[in-house]
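So the structure is just underneath, and the comments pick up after that.
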Amino acid sequence: MADENADIESTVEDEDESSDDPDLQLELNVFRAQWMSELKPSSGASGTSNRLLQAKGLRKAQEIAREEKATELFLRAAQEEQNGAVYEAIKFYRMAMQLVPDIEFKINYSRPPDADRGGGNYMEDSDADGEIEDLLAYFEQQLSVEGSFPKICTPEVEMTQVHISALPREILMYIFRWVVSSDLDMRALEQLSLVCRGFYICARDPEIWRLACLRVWGRKCTKLVPFTSWREMFLQRPRVRFDGVYISKTSYIRQGEESLDGFYRAWHHVEYYRYLRFFPDGHVIMLTSPEEPLSVVPRLRTRNTRMDSVLLGHFRLSQETGNQTKVFAVVCKKKDEKATDFQRNRFCRRNPAPEAEHSFHVGLALSSGGHQSFSKLVWIHHSCHITYKLTGETVITTFDLDRMYTPFFFARVKSYTAFSEQPL
């Protein structure tokens, strides 16, 4: 009995000690819960599924909240861009795309914006020129606020070498004139304006656009009316383009000779091309060839081409009362080609034909085709003038403009403006 009482007393003391230790009690509770979950696997599976459903619901709610926040930031960026605050707009665009990369395609622009998003219309304004003028004024104002001697641009990161912003503005403008070059590559100037706000201001310099207009129209562009700027005149006034070539393709079916036995008669499919390449200094190249553009176009980059059948000449623009712009060109063969031909045949012909000069007069109407401006030339006149040197007599032959005179369509060639030979 004494031993039994001693065991009972020791057990009671152990229980009292275990109840006094909270860590041990916590471990016991965890053990009991784990043991019960092992005894009831079905309840454990349902708990896991509930936790998964809760996690999915939480992720869905987070995605919705993230998309709503990104939409708010994107619409605010659009409003800032419409107001001319480009730097603020870029900041909000970046924040929105960090939240949802494809937020631009998830926004419904037709719905009215909320009051806390600034209001207004987020659709693009049809008056693009007004936006450009406001943006230019905004950039100039920002530069004037920075100080009495503001820099055109500032480096984004620290540099050990001299940055381009250290150059005077006159030197930068001269560099921009080299970018435009004598080929009037205004497309490169527009791309250069996307670098920074300082380059944007330099690319909108009126003097560059005035010089470009003078190269195209000469003395006929002394007044801006009805345009508001030289840039607007260059972009909207009809003109021929110099950064490519105008191509006309003609094809027809021609009947051949009958066979000797009279059993069949051949038919021929004839196909050839006409090429017109204009230069800013008033020169033009004309070529008629059966070769495809892939092999001909690279050889028309300069006037010093070695192709024998090419015609060289000058052109001029004529704008009549009906706002119809016409292109008139006079082309002829190279002088050295005729001299070489006569030198080669002088021993074979005792009575050479009288010397004569052949020139071709071409008239074309300029229009826009497709999405490109001033990309179509329609035939309105074609004649051959033969002038005999001995008598001075000129014989004119005018060709009928039938279906063989298909329109010219412009094709831009990047290699024509890849190099700058001299500045604007």
Side-chain angles (χ1 to χ4, degrees), residues 84 86 127-155 162-244 278-283 315-319 325 366 373-374 412 414 416-424:
V86 178
D127 188 6
D129 293 338
E131 290 185 1
I132 291 178
E133 291 176 359
D134 294 340
L135 185 59
L136 179 61
Y138 171 76
F139 284 161
E140 291 178 345
Q141 181 183 5
Q142 290 294 319
L143 288 179
S144 62
V145 169
E146 291 181 357
S148 56
F149 300 99
K151 291 185 177 182
I152 289 296
C153 56
T154 56
V162 178
H163 191 255
I164 192 172
S165 59
L167 295 177
R169 183 162 183 171
E170 293 78 9
I171 303 298
L172 284 175
M173 296 309 303
Y174 188 69
I175 295 175
F176 274 56
R177 289 176 58 186
W178 266 100
V179 172
V180 176
S181 74
S182 57
D183 296 327
L184 296 185
D185 188 9
M186 311 308 291
R187 184 186 184 93
L189 182 65
E190 292 293 293
Q191 293 176 344
L192 189 60
S193 67
L194 302 177
V195 174
C196 62
R197 60 180 181 179
F199 281 19
Y200 185 93
I201 295 174
C202 293
R204 296 298 188 275
D205 185 74
E207 183 63 19
I208 291 182
W209 294 95
R210 187 186 71 85
L211 292 175
C213 292
L214 287 175
R215 289 292 303 274
V216 176
W217 294 285
R219 294 173 296 177
K220 297 180 181 180
C221 67
T222 55
K223 297 181 180 180
L224 279 175
V225 179
F227 305 102
T228 58
S229 63
W230 295 107
R231 181 174 180 271
E232 182 182 355
M233 174 188 287
F234 187 87
L235 295 178
Q236 297 185 7
R237 186 173 177 179
R239 55 177 173 81
V240 293
R241 299 184 57 176
F242 309 115
D243 56 342
F278 297 97
F279 296 90
D281 57 0
H283 287 83
F315 77 95
R316 64 179 178 89
L317 296 176
S318 175
Q319 189 169 6
T325 301
L366 181 63
S373 301
F374 327 125
R412 178 173 169 261
K414 295 181 180 180
Y416 287 176
T417 54
F419 302 98
S420 297
E421 296 181 356
Q422 56 184 355
L424 174 65

Study note, to complete from the structure: Hits for side chain to side chain donor-acceptor pair (under 3.5 Å) against Arg239, two or more places apart or cross-chain, chain-then-number order -> none
Revision key, fill the gap. Here the salt bridge (Lys or Arg N to Asp or Glu O under 4.0 Å) pairs for residues 181-190, sequence neighbours left out, are Glu190-Arg204, Glu190-Arg231
Point to revise | Residues forming a ring-ring contact (aromatic ring centres under 6.0 Å, His included) with Phe176, sequence neighbours excluded | key: Phe199
Review point. If every non-hydrogen atom of Pro238 is compared with every non-hydrogen atom of Leu366, which pair is closest and at what distance?
Key: C-CD2, 3.9 Å
Point to revise | Contacts of type side-chain contact (heavy atoms from CB on, under 4.5 Å), residue Leu167, not counting sequence neighbours | key: Ile164, Ile171, Leu172, Ile175
Exercise for review: Using side chain to side chain donor-acceptor pair (under 3.5 Å) as the criterion, list what pairs up with Arg241, not counting sequence neighbours.
Suggested key: Asp243
Practice item. List for me each residue that meets side-chain contact (heavy atoms from CB on, under 4.5 Å) alongside Asp205, sequence neighbours excluded, and say none if there are none. Key: Met173, Glu207, Ile208
**Study point:** Non-hydrogen atoms of Val179 and Ala188 that approach each other most closely
**Key:** CG1-CB, 3.9 Å
**Study point:** Heavy-atom check, side chain of Val180 versus side chain of Arg215, under 4.5 Å
**Key:** no
Review point. Between Ala203 and Ser193, which heavy-atom pair has the shortest distance, and what is it?
Key: CB-CB, 3.5 Å
Practice item. Apply the test side chain to side chain contact (heavy atoms under 4.5 Å, CB included) to residues Arg177 and Leu211: give CA-CA distance (whole Å), side-chain angles for both, the deciding distance (0.1 Å), then the verdict. Key: CA-CA 10 Å; Arg177 289 176 58 186; Leu211 292 175; 4.3 Å; yes
Revision key, fill the gap. CG (Leu189) and OG (Ser181) are apart, to the nearest 0.5 Å, by 10.5 Å
Exercise for review: Specify the closest pair of heavy atoms between Trp217 and Met233, including all atoms of both residues, with the distance to one decimal.
Suggested key: CH2-O, 3.7 Å
Practice item. Look up atom CD1 in Ile201 and atom CZ in Arg169, then write down how far apart they are to the nearest 0.5 Å. Key: 6.5 Å
Check your understanding: Under the side-chain contact (heavy atoms from CB on, under 4.5 Å) test, which residues partner Pro206, sequence neighbours left out?
Key -> Trp230
Revision key, fill the gap. Residues at least two apart in sequence or cross-chain that pass ring-ring contact (aromatic ring centres under 6.0 Å, His included) with Phe242, listed by chain then number, are none
Exercise for review: To the nearest 0.5 angstrom, please state how far the CH2 atom of Trp209 sits from the CG atom of Leu235.
Suggested key: 5.0 Å
Check your understanding: Atom CZ in Phe278, atom NE2 in His283: separation rounded to 0.5 Å?
Key -> 13.5 Å
